[in-house]
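Working notes, structure below.
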There are 2 protein chains.
Amino acid sequence: MSDVAARAGVSHQTVSRVLNGHPHVSPTTRTRVLAAIAELGYRRNLSARVLATGRSNVVGVVAQNTTLYGPSSMVQAIGEAALGADLSLTVGHIAGYDATAASRRIVERLVQQGAAGLVFIAPVDAAAEAMRLVPPGIPIVTVDGLPEWQVTNVSVDQHAGGLLATRHLLAHGHRTVWHVAGPEQWHGSRAREAGWRAALAEAGVQAPPMLRAGWSAASGYQCGRMLARIPDCTAIFAANDHVALGLMRALAEHGRRVPDDVSLVGFDDVPEAAYFHPALTTIRQEFADVGRQALRLLLDQLVAGTRTAASALVEPILVDRDTVAAPRRHQDAPQRQEAPQPREAPQPQEAPQRQKVPQPQEALPRDRSS
Amino acid sequence: MSDVAARAGVSHQTVSRVLNGHPHVSPTTRTRVLAAIAELGYRRNLSARVLATGRSNVVGVVAQNTTLYGPSSMVQAIGEAALGADLSLTVGHIAGYDATAASRRIVERLVQQGAAGLVFIAPVDAAAEAMRLVPPGIPIVTVDGLPEWQVTNVSVDQHAGGLLATRHLLAHGHRTVWHVAGPEQWHGSRAREAGWRAALAEAGVQAPPMLRAGWSAASGYQCGRMLARIPDCTAIFAANDHVALGLMRALAEHGRRVPDDVSLVGFDDVPEAAYFHPALTTIRQEFADVGRQALRLLLDQLVAGTRTAASALVEPILVDRDTVAAPRRHQDAPQRQEAPQPREAPQPQEAPQRQKVPQPQEALPRDRSS
DNA sequence: GGACGAAATGTGAACGCAAACATGCGCGGT
DNA sequence: ACCGCGCATGTTTGCGTTCACATTTCGTCC
């Protein structure tokens, strides 16, 4: 910086003023300084700046399972929003599911780095523990956190999602709705389950036993192998879209057609859900919206200078596609089970009127993979 | 720090020594200092440290399209490897596809932050441009970069992947293989296309016209609507698994069965590919491996203190599942096209011997979504 | 034309740490 | 008994900024 000052024939302080856009700098010196900066290829040292000012404009994000669609979408959205707010982002990626030690290290580092604020993507309790390590002065926002943590939180209303899915299935005339839930540790799983139970209760039907899956197609497949053997099971609410995919495969292998024999609702609305076979009816979570709101709430705290306990809920929406139909008449079902040709096609063109082009304007903007 | 020193009854320098694990500190003072640190909840200021030492242990990652499976897996792997190497990671997420401006800002910031090294996930040219802004002193590794950039690079051997896929289809007796390519700007797309052409050439067959898709199921679906009308098209090599999914749907809607009427090979091996309907034969990219190698190569440069131009190639592997079969005899095909019942089921249980359980031990460890 | 005030610029110190150098202590060897 | 060496610790300085304050310059009003 003093090199620049020397070259421009001014003091270092004037250079600093130019750099920070302070007033009381004459246009001529400003251009002279700017020219010197350009000629020397000078870049200000952010560490020194942080040291001198005591504040930084970096926001830390603590996330796990960032290969999953939800977390990665949210991190991406937070990143974009941060860029817009002229903040820089440091993302700490926690490996694996249980990760208290890893998250502790990450938080520790983020704090030492002087992060101005922290966003915890905390769909499981592990992340909450590390939150204690954050000095009270620095603002926090959780995503998918728990209200009892008493910090600003934003999440999708998972309970409403469970309600939506279950009601949708019941409205088509199903006696009851089965549920393949996600991992127990995830808050979202529990809330969706609660929503499912609530919808069942309000319809006055008893909840069938619940199955537990991971988030993967593989675990959905395992659950599906069980459910396919239960003739009474005509409607399933799946933990997420990939679990639904695994379910569909298992059902197909057992000759149970979707949606003719069993109806299915997923969760998330991953971009490819519209192209499953058949196209998946699902509950859409607007992850990008969640990420943006998280950053906004953090920003609010940053300018206020204090932690708050505000919160935002993003409403999920039902995306109706081809995996939900009215159940077949009850007497048909056993008849079908005893049919000699057990391995039949799972409904491809049998109901051509459902064969709508899967809304390209809806699915196109969201590209995945490779 | 001086507070700690005062409390422990030593000088600040001794505290510093303890913090950095320097020798020549007696065990008793060490424990005393440690105790004082714990009591005071002291945390060293990383900015000051960076300022004083001139070196930082943060690695910058410049990435775009981090919601895609590939990039997110790689970022995740880099993050885990970095944690292991006691480095911290700053991830700059570039929004959208064209992003020279955004990447420039991100690089600028990373450099100012004093990043010790940079990883560019650069599957398109946009990222390369910003690479010029990095001062020559600081090491760079690109992922999916181009050899002519003259920097250390690691990528999956996409050419070999194209070769693998095309040869596999040809080996099953297909006259030729069609290709639905990914976006032209992506280096990987071009390399896969080249591999496809090479395999075709070595078999002495002419390349059919090539289709261009995005990475999404939606764009695959659009391409599939065209290909489904071409009776000669019996084998397709898809840009990636999601494109393959879209293709499968379009083919099914036109009554063309996979693999009976047309065989299909995808790319990536996303966790749910084994649960597509039918299970997708695909080329697996070991993204996590790529990420780890990238960090290793960066580390090598960090200790060497110079940029190098080493590089690593990760070999893709063919994962054979249920979407590739021998083509039907030629006289069968037209007969099928003229059949009065045009909308028939796309091969569910007709070939039960292919109905293998989709290797749960392979798909289980990789959980996605929500 | 002088005084006053605002604008423009400069000066010194401090931020928290680590590196280099300086000091004090105890030990063993001749 | 003395010297010298190595270990343990303290002191000083500087990293590149910004901040608070001091100083100079310029325009303007009476």
Side-chain angles (χ1 to χ4, degrees), chain A residues 1-37 40-58 86 88 108-116 135 137-138, chain B residues 1-37 40-58 86 88 108-116 135 137-138:
Chain A
M1 185 150 140
S2 50
D3 293 353
V4 173
R7 177 154 196 134
V10 297
S11 77
H12 61 120
Q13 176 61 343
T14 304
V15 177
S16 172
R17 273 194 268 260
V18 171
L19 247 28
N20 295 313
H22 279 202
H24 306 322
V25 176
S26 79
T28 60
T29 41
R30 163 169 286 116
T31 56
R32 208 139 39 89
V33 168
L34 254 24
I37 287 174
L40 264 42
Y42 163 79
R43 284 168 163 123
R44 69 142 58 91
N45 181 324
L46 238 33
S47 295
R49 182 183 159 90
V50 169
L51 181 60
T53 58
R55 54 207 139 72
S56 81
N57 56 354
V58 352
D86 204 51
S88 132
E108 198 64 41
R109 176 123 44 178
L110 253 20
V111 170
Q112 288 183 8
Q113 242 169 33
I138 111 171
Chain B
M1 185 149 142
S2 50
D3 293 353
V4 173
R7 177 151 195 139
V10 296
S11 79
H12 59 121
Q13 177 61 341
T14 303
V15 176
S16 171
R17 274 194 267 260
V18 170
L19 247 28
N20 295 313
H22 278 204
H24 308 321
V25 175
S26 77
T28 60
T29 40
R30 163 169 287 117
T31 55
R32 206 138 41 88
V33 169
L34 255 24
I37 287 175
L40 263 42
Y42 162 79
R43 284 168 165 123
R44 73 142 51 84
N45 181 325
L46 238 31
S47 297
R49 181 186 161 90
V50 169
L51 182 59
T53 59
R55 55 207 138 73
S56 81
N57 56 355
V58 352
D86 206 50
S88 132
E108 199 64 43
R109 177 122 44 178
L110 252 21
V111 169
Q112 288 182 9
Q113 242 170 32
I138 112 171

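Per chain, numbering begins at 1; letters A, B, ... match sequence-line order.
Over its length, the helix from C/dG1-D/dC30 to C/dT30-D/dA1 turns its helix axis by 40°, as judged from the five terminal pairs at each end, rounded to 10°.
Residues satisfying the salt bridge (charged side-chain N to carboxylate O under 4.0 Å, His left out) test with A/Arg43, not counting sequence neighbours, are B/Glu108. For B/Leu110, the side chain to side chain contact (heavy atoms under 4.5 Å, CB included) partners are B/Val62, B/Thr90, B/Ile106, B/Gln113, B/Leu118, not counting sequence neighbours. Applying the side chain to side chain contact (heavy atoms under 4.5 Å, CB included) criterion to A/Ala52, with sequence neighbours excluded, gives no partner residue. With sequence neighbours excluded, no residue forms a salt bridge (charged side-chain N to carboxylate O under 4.0 Å, His left out) with A/Arg17. Residues forming a salt bridge (charged side-chain N to carboxylate O under 4.0 Å, His left out) with A/Arg32 (at least two apart in sequence, or on another chain): none. In terms of the side chain to side chain contact (heavy atoms under 4.5 Å, CB included) criterion, residue partners of A/Asp3 (sequence neighbours excluded) are, by chain and number, A/Leu40. Residues meeting the side chain to side chain contact (heavy atoms under 4.5 Å, CB included) test with B/Arg55, sequence neighbours left out: B/Thr53.
For C/dA18, the OP1/OP2 oxygens have a side-chain nitrogen or oxygen of B/Arg44 closer than 4.0 Å.
Protein atom CG of B/Asn57 is 14 Å distant from nucleotide atom C1' of C/dC17, rounded to whole Å.
If you check every strand for non-hydrogen atoms under 4.0 Å, B/Met1 touches sugar and phosphate atoms only.
Closest heavy-atom contact between B/Ser47 and A/Val50: OG-CG1, 3.3 Å.
The list of salt bridge (Lys or Arg N to Asp or Glu O under 4.0 Å) pairs with a residue in residues 20-29 of chain A, not counting sequence neighbours, is empty.
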Scoring nucleotides 7-15 of chain C by protein non-hydrogen atoms under 4.0 Å (B base, S sugar-phosphate only, - none) yields SSBBBB--B
Residues 18-27 of chain A, side-chain donor-acceptor partners within the protein, below 3.5 Å, at least two apart:
from, atom 1, to, atom 2, distance (Å)
A/Asn20, OD1, A/Arg44, NH2, 2.6
A/Asn20, OD1, A/Arg49, NH1, 2.7
A/Asn20, ND2, A/Ser16, O, 3.1
A/Asn20, ND2, A/Ser16, OG, 3.4
A/Ser26, OG, A/Thr28, OG1, 3.2
A/Ser26, OG, A/Thr29, N, 3.4
A/Ser26, OG, A/Thr29, OG1, 2.7

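Interface limits on DNA chain D: the 5'-most and 3'-most nucleotides within less than 4.0 Å of chain A heavy atoms are D/dG16 to D/dA20.
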